[in-house]
Amino acid sequence: MGEDRLKAFASVTFDDSFVVRNMKVVEGTKGVFLCMPSRKLPDGTHKDMVHPINQDFREYLEANVLQAYEQELKNNPTGVTQNANSHYDDMNTPEGDSEVK
């Protein structure tokens, strides 16, 4: 992304039925992590607009998105994406197949 901490944006489509856009891959002091889409509030704080409701799914989602991010870095070391809608990985959830895009 050409910024120090922000490394990428991610969108995830679940079961061809529901999409979450504008998740961010961010570089922290302990490595990269996934931030949920958020909105800035009038007091300057940020509130997640969507988020996993349990730790197991949060870890599952983050692991799969970060795996797709690492694969994209291997395929494209410059980090410049030509097609933002390219398919990276399938995520199999108990509810069915989902994909990371």
Side-chain angles (χ1 to χ4, degrees):
M1 293 302 307
E3 296 185 24
D4 289 337
R5 295 190 61 213
L6 177 61
K7 300 301 179 186
F9 286 98
S11 295
V12 178
T13 301
F14 298 94
D15 297 328
D16 293 321
S17 301
F18 186 80
V19 66
V20 178
R21 299 187 190 280
N22 296 322
M23 291 181 285
K24 297 175 186 173
V25 176
V26 176
E27 181 76 41
T29 58
K30 298 179 182 179
V32 292
F33 63 96
L34 185 64
C35 293
M36 295 296 113
S38 63
R39 174 173 291 162
K40 189 172 184 178
L41 300 176
D43 66 2
T45 62
H46 288 82
K47 176 122 179 134
D48 287 349
M49 294 171 45
V50 297
H51 58 87
I53 58 173
N54 63 57
Q55 189 63 29
D56 288 341
F57 188 74
R58 178 179 293 278
E59 290 169 3
Y60 174 82
L61 180 62
E62 182 173 66
N64 279 273
V65 170
L66 294 181
Q67 179 183 12
Y69 168 71
E70 294 297 330
Q71 185 61 46
E72 181 63 22
L73 286 179
K74 287 179 188 174
N75 293 341
N76 190 358
T78 64
V80 178
T81 301
Q82 299 299 318
N83 181 0
N85 293 321
S86 62
H87 172 77
Y88 298 116
D89 191 24
D90 287 331
M91 293 171 52
N92 296 313
T93 65
E95 295 80 22
D97 292 336
S98 300
E99 57 185 39
V100 176
K101 292 185 176 181

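Numbers here are sequence positions counted from 1. These numbers come from the heavy atoms of this one structure, side chains and all, not from hydrogens, waters or symmetry mates.
- The side chain to side chain contact (heavy atoms under 4.5 Å, CB included) search around Ser17 returns Asp15, not counting sequence neighbours.
- Residues Tyr69 and Val32 come closest through the heavy atom pair CE2-CG1, 4.2 Å.
- The CG atom of Asp56 sits 12.5 Å away from the CG atom of Leu61 when rounded to the nearest 0.5 Å.
- Two residues are said to be in side-chain contact when any heavy atoms from C-beta on lie closer than 4.5 Å; Arg39 and Met49 meet this criterion.
- In terms of heavy-atom proximity, Val50 sits nearest to Met36 at O-CB, 3.2 Å.
- With Arg21 contributing its side chain and Ser11 its backbone, the two residues share no donor-acceptor pair below 3.5 Å.
- Tyr60 is not listed as a side-chain neighbour of Asn54, based on a closest heavy-atom distance of 4.5 Å or more.
- The backbone N or O of Asp4 sits less than 3.5 Å from a side-chain atom of Lys7, completing a donor-acceptor pair.
- Residues Val12 and Met23 form a side-chain contact, since some pair of their non-hydrogen atoms from C-beta on lies under 4.5 Å apart.
- Shown here are the side chain to side chain donor-acceptor pair (under 3.5 Å) partners of Asp43, two or more places apart in sequence or in another chain: Thr45.
- In the hydrophobic clustering of this structure, Phe57 groups with Phe18; members are Ile, Leu, Val, Met, Phe, Trp, Tyr whose side-chain heavy atoms approach within less than 4.5 Å, directly or through other members.
- Between atom SG of residue Cys35 and atom CG of residue Leu6 there is a gap of 9.0 Å, rounded to the nearest 0.5 Å.
- Using modelled atom types and a 3.5 Å distance limit, the side chains of Gln67 and Gln71 yield no donor-acceptor pair.
- Counting heavy atoms from C-beta on, the side chains of Phe9 and Val25 never come closer than 4.5 Å.
- Rounding to the nearest 0.5 Å places NZ of Lys40 at 5.5 Å from NE2 of His46.
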